[in-house]
Amino acid sequence: MLSLITAPISHAVAAFVGVPAAQVAGLYAAPAKGFAADLALPCFQLAKAKGMAPPALATALVPVVSALPGVTAVAAGPFLNLTLAPTAVATALLPGLTDGRAAVRSTAGAGKKVCVDFSSPNIAKHLAFHHIRSTMIGNALAHCYQAAGWQVTRINFLGDWGTAFGRLIAGWKREGLTLEQLRAAPDQVTFLNDLYVRISKAAKEDAQVEEEARRWSKALEDGDTEARGLWQIFKDASLGEFQRIYALLGVTFDSWKGEAHYEDKMGPLLTELAAKGLLKEDQGATVVDLPTLAGKQFKKPALIKRADGGTLYATRDLTACDDRFAEFAFDRSLYVVDLGQSLHFQEWFAVAKLLGRPFADRLRHVGFGVVLMWNDEPGEGLEPGWAKGRTRAGKTMLLREVLEEAIDRAATVMAEKNPDITGEERARIARAVGVGAVVFNDLKNSRSNDVKFKFEDALNMQGETGPYLQFAHARLCSIERKFAEAHPNAGAGDPALLATEHEKTVLLALARLQAALEKAVDTDEPGALATGLLALAAAIAAWLTSGNGDVEARVLCSDATLAAARLRLVRAAREALGEGLRLLGLIAPERM
Ligand code: ARG
């Protein structure tokens, strides 16, 4: 989008230097701190092509570029600093934004396919607050890739396999539980969790119980009907809860093939590993000796099969990856999983490479840091502080609980600030704002950082928050509603009338969103788009506030033609902001 504005400059510079314009188009950067300009053109590469020193080229380009209408150029060492006339920016940009959503679109990924493995929780457990991270980073990336032209497959690789289920079945049988009891429980996942705690305790104290659990695990692996039936019941109960939370978050998946799906499909992979001479026995277990085969960065072998013959997480991931490649022929495959699992991904990615998989270099572990919650009542003798996923009384916070509290708090604020909005509308907006606050807090920073969560901060309308962005959107919607009344017969609006610095700042923030989206995709950082949206919202706020003391600076000024031009910018900004928020997983209400 920025290229719409810079195209004439790129052409003039390219002609002078003697390179294709496309080579200039990718060079623009933000001006160095302390320089009042809109853009900077670093001259290093171009100077090389021209056989000049960079500062000399920058100086030589000043008259060339300043000759263009609406551009002022100043040399600053090896940089050419550019200041644009608002009108020039508006006429270049706005005609391409009759649908403002185009500002957050790109064709960079056209024809390419990506698989996004995200959320992927373990069943028979609750979604804890920390699950917000994989779920919403993955969801945002899936949206961003799609907006950048990629064909996206969203995968929930459920953790529905492992010895925990043998244990649960043993506990279920031991206590003679029934499906009716499970269904009657106020919370089925809590019912299963409690059962798991009881049986684990019993197994610790009684070897007989442990033996039963092992037998049920084996029965499950062997496809025993009763074991499979119970496992299915546990799975269904978990999925019921997961789906309610995904619905609240607006998250969907294209594939739910979990670990269990691959349980009996690993034979060919094991055969292939053996045939290629990659397997080794190690204390009864079967491993790939990575330190020898893949390099000294690996300190230990990768486990492929346990001593008792059971298969492992890494083996299931490899098998699932083969299946995904066969089905989707992906160009890239993302695994949105916490940084604590880095070694797991390094190991099986290395095994994929040893196997000569054509997709081995297309796999990306998209890691992230932990969630810290503000703990204001840590208990006696302790100071309030940040705690990992826990709050009051050291209890693990569930995702559902955090969302519900955020929604309640948003509803309270709305009842105070905007009592006109009531009933179902208030509930709907409170849901969007409460959930949006939690989600944006998770996405705004670089994903490898730990996230600090405090309700007051996440919901703060003045901070860099979801509600702040949603409010900017609602403010634009309100202007659009009032416009129809104020100027019912206004025309389409001529961008050439947009002549203020504030308007230019909004236009430039809009023009930069596309690069922010592309960066989000290239680096798998939704935070790049979040930053772009915050810049847009700040520009919008400054623009709208500039009308506070000056009626004629307002969008709804007395001159209907000027008002119509400004409304065009309002609409483009509102559509771009709303779409940007949607990509991040937030709903932008029309009023708040
Ligand atoms: N179920 C795993 C867990 O909760 C995460 C799975 C991530 N995805 C994957 N393909 N390994 O830790």
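Counting starts at 1 for both ligands and their atoms, in listed order.
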Fill in the blank from the handout: For Tyr335, the ligand 1 atoms with a heavy-atom partner under 4.0 Å come out as 10 (N)

Handout entry: Element-labelled atoms of ligand 1 that are located less than 4.0 Å from some non-hydrogen atom of Asn122
Key = 1 (N), 2 (C), 3 (C), 4 (O)

Practice task
Show which atoms of ligand 1 fall inside a sub-4.0 Å distance from at least one heavy-atom site of Ser120.
Solution key: 1 (N), 2 (C), 4 (O), 5 (C), 6 (C), 7 (C)

Exercise for the section: On the 0 to 90° scale, with breaks at 30° and 60°, tag the Phe253-Tyr246 ring pair as parallel, tilted or perpendicular. Expected result: perpendicular

Practice task
Report yes if Asp317 has an N/O atom closer than 3.5 Å to an N/O atom of ligand 1; otherwise report no.
Solution key: yes

Problem - Sub-4.0 Å heavy-atom contact, Arg316 with ligand 1 - result: no

Handout entry: Protein heavy-atom partner closest to atom 8 (N) of ligand 1 - residue, atom, separation in Å
Key = Asp117 OD1, 3.2 Å

Exercise for the section: Check each atom of ligand 1 against the heavy atoms of Val337 and keep those under 4.0 Å away; list them by number with element. Expected result: 7 (C), 8 (N)

Exercise for the section: Could you tell me whether the side chain of Asp450 and the main chain of Val370 form a donor-acceptor pair under 3.5 Å? Expected result: yes

Handout entry: Arg324 NZ/CZ over Phe359 ring centroid, <6.0 Å and within 45° of normal
Key = no

Problem - Among Phe118, Tyr313, Phe157, Trp161, closest by any non-hydrogen atom to atom 6 (C) of ligand 1 - result: Tyr313

Exercise for the section: Determine, for Glu272 against Arg357, whether the closest basic-nitrogen to carboxylate-oxygen distance falls under 4.0 angstrom. Expected result: yes

Handout entry: Salt-bridge present (Arg174, Glu212; N to O < 4.0 Å)
Key = yes

Practice task
On the 0 to 90° scale, with breaks at 30° and 60°, tag the Tyr262-Phe157 ring pair as parallel, tilted or perpendicular.
Solution key: tilted

Completion exercise
side-chain contact (heavy atoms from CB on, under 4.5 Å) with Pro121: of Leu399, Asn156, Thr135, Ile245, only one passes, and it is Asn156

Practice task
Give the residue and atom name of whichever protein heavy atom lies nearest to atom 12 (O) of ligand 1, and the separation in Å to one decimal.
Solution key: Gln341 NE2, 2.8 Å

